[in-house]
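Note: hydrogens, waters and symmetry copies are ignored here, and every other heavy atom, side chains too, is used. Numbering of residues begins at 1 and proceeds along the displayed sequence.
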Amino acid sequence: MSPRVAVYPGTFDPMTNGHVDLAQRAARLFDRLIIAVYAGGEHNAKRPLFRTHERVDMVQRSLAHLPNVEIDTFQNLLVDYAKSVGAQTVVRGLRAVSDFEYEFKLAHMYRHLNPDLEIVCLMTSSTQSFISSSFIREVASLHGNVSDLVPSHVASALHERFADASPDHVGSSNAPSRLPISELARTLD
């Protein structure tokens, strides 16, 4: 019998406790779980907060205790990547009902592109369901405490990344501008 291989893809920008929880649970279901960090975003207009090698390091440190987990990167179509590593399954997480429609459509697209690929959606733990990388980035950029939502080394990396940024003028190109309403109204004229 061939080993059950699954890919858990994501940008992991940054790695959260929700990602860790999902990876731990998926690792129990498969013989080999490949955490596939998407590396293509660094060349798009909306660049990740952390570079690929930083995200890979965060994932490795967060999941080092799982012997059947490997970390890799990919830039091409996920279905092509999954085929190249011999994965029969893609693992996705569902945090809320609002995620379902997107994941449902995505699963059908994956199956259209590769009918042999199965999609498995795992519900996040109730204690992790509100956590998203984008929320973590926003709270950390405003100097909020995220230490109980991410692994400790990720909290340190976030603190370091935003240490010199004032909450009103975060140095990230992804951060929305924070103008007073009167100024914002003038810019919209």
Side-chain angles (χ1 to χ4, degrees), residues 5-23 26-27 30 32-64 66 69-95 98-122 124 128 131-141 146 149-151 153-154 157-158 160-162 165 170-176:
V5 180
V7 172
Y8 175 21
T11 55
F12 305 102
D13 185 40
M15 184 74 168
T16 69
N17 289 344
H19 293 132
V20 173
D21 175 63
L22 203 69
F30 300 96
R32 186 173 154 223
L33 178 65
I34 302 167
I35 308 298
V37 178
Y38 181 64
E42 290 181 10
H43 305 292
N44 296 340
K46 185 179 174 187
R47 297 184 339 142
L49 177 63
F50 292 100
R51 298 191 53 99
T52 301
H53 72 277
E54 294 171 308
R55 291 180 283 135
V56 166
D57 180 64
M58 287 179 198
V59 174
Q60 286 174 330
R61 292 177 65 187
S62 301
L63 303 177
L66 300 172
V69 170
E70 303 168 24
I71 317 307
D72 198 5
T73 61
F74 75 105
Q75 292 184 18
N76 54 338
L77 281 173
L78 178 61
V79 293
D80 294 337
Y81 174 77
K83 187 174 185 178
S84 75
V85 295
Q88 306 88 9
T89 307
V90 170
V91 174
R92 303 286 297 172
L94 290 175
R95 289 180 300 229
S98 58
D99 289 344
F100 179 78
E101 185 176 357
Y102 174 78
E103 295 298 337
F104 184 77
K105 291 176 183 177
L106 190 61
H108 283 293
M109 179 56 76
Y110 289 158
R111 292 297 303 268
H112 171 76
L113 296 170
N114 181 351
D116 297 327
L117 193 61
E118 291 295 335
I119 312 306
V120 172
C121 291
L122 298 176
T124 58
Q128 312 291 330
I131 300 174
S132 74
S133 293
S134 57
F135 284 167
I136 297 296
R137 288 190 308 271
E138 184 170 354
V139 171
S141 76
V146 296
L149 305 175
V150 297
H153 61 277
V154 174
L158 285 163
E160 190 175 305
R161 182 62 43 104
F162 293 116
V170 176
S172 167
S173 61
N174 293 338

Give a yes or no on whether the backbone of G40 and the side-chain of Q75 come within a donor-acceptor separation of less than 3.5 Å.
no

Of all heavy-atom pairs between I71 and V59, which one has the smallest distance, and what is that distance?
CD1-CG1, 3.5 Å

Derivation of the side-chain contact (heavy atoms from CB on, under 4.5 Å) call for L33 and L66
CA-CA 10 Å; L33 178 65; L66 300 172; 6.0 Å; no

To the nearest 0.5 Å, how far apart are CG in N114 and NE2 in H112?
11.0 Å

Carefully, step by step, assess F50 and M15 under the rule side-chain contact (heavy atoms from CB on, under 4.5 Å).
CA-CA 10 Å; F50 292 100; M15 184 74 168; over 6 Å; no

Determine whether F74 and V85 satisfy the following criterion, side-chain contact (heavy atoms from CB on, under 4.5 Å), listing intermediate values before the conclusion.
CA-CA 11 Å; F74 75 105; V85 295; over 6 Å; no

Consider side chain to side chain contact (heavy atoms under 4.5 Å, CB included). Of V146, V154, I131, which one does T16 pass it with?
I131

Could you pull out all residues at least two apart from F12 that satisfy ring-ring contact (aromatic ring centres under 6.0 Å, His included)?
Y8, H19

To the nearest 0.5 Å, what is the distance between OG (S132) and CZ (R137)?
7.5 Å

Less than 4.5 Å apart, any side-chain heavy atom of V5 and any of Q88?
yes

Is a side-chain N or O of R61 found less than 3.5 angstrom from the main chain of H153, in a donor-acceptor match?
no

With a 4.5 Å limit on heavy-atom distance, are the side chains of P9 and L78 in contact?
yes

Looking only at heavy atoms, the pair that brings A82 and L117 closest together is CB-CD1, 4.0 Å

Could you tell me the separation between the CG atom of L158 and the CE atom of M58, rounded to the nearest 0.5 Å?
6.0 Å

For V7 and A87 the tightest heavy-atom approach is CG2-CB, 3.5 Å

Return yes if a side-chain donor-acceptor contact under 3.5 Å exists between T73 and H53, otherwise no.
no

Quick one: does F30's side chain get under 4.5 Å of V91's, heavy atoms only?
yes

Nearest 0.5 Å, please: how far is CG in L149 from CD1 in I136?
4.5 Å

Minimum heavy-atom separation for S133 to P14, with atom names?
OG-O, 2.8 Å

Provide the closest heavy-atom pair for G93 versus L22 in the form atom of the first, atom of the second, distance.
CA-CD2, 3.5 Å

Could you tell me if T52 and R55 have a donor-acceptor pair between their side chains, going purely by distance under 3.5 Å?
yes

Would you compute the distance between atom OG1 of T124 and atom CG of L94 and round it to the nearest 0.5 angstrom?
8.0 Å

Return the minimal non-hydrogen interatomic distance between P151 and V20, and the atom names on each side.
CG-CG2, 4.0 Å

Which value, rounded to the nearest 0.5 Å, describes the distance between R92 atom CZ and D99 atom CG?
9.0 Å

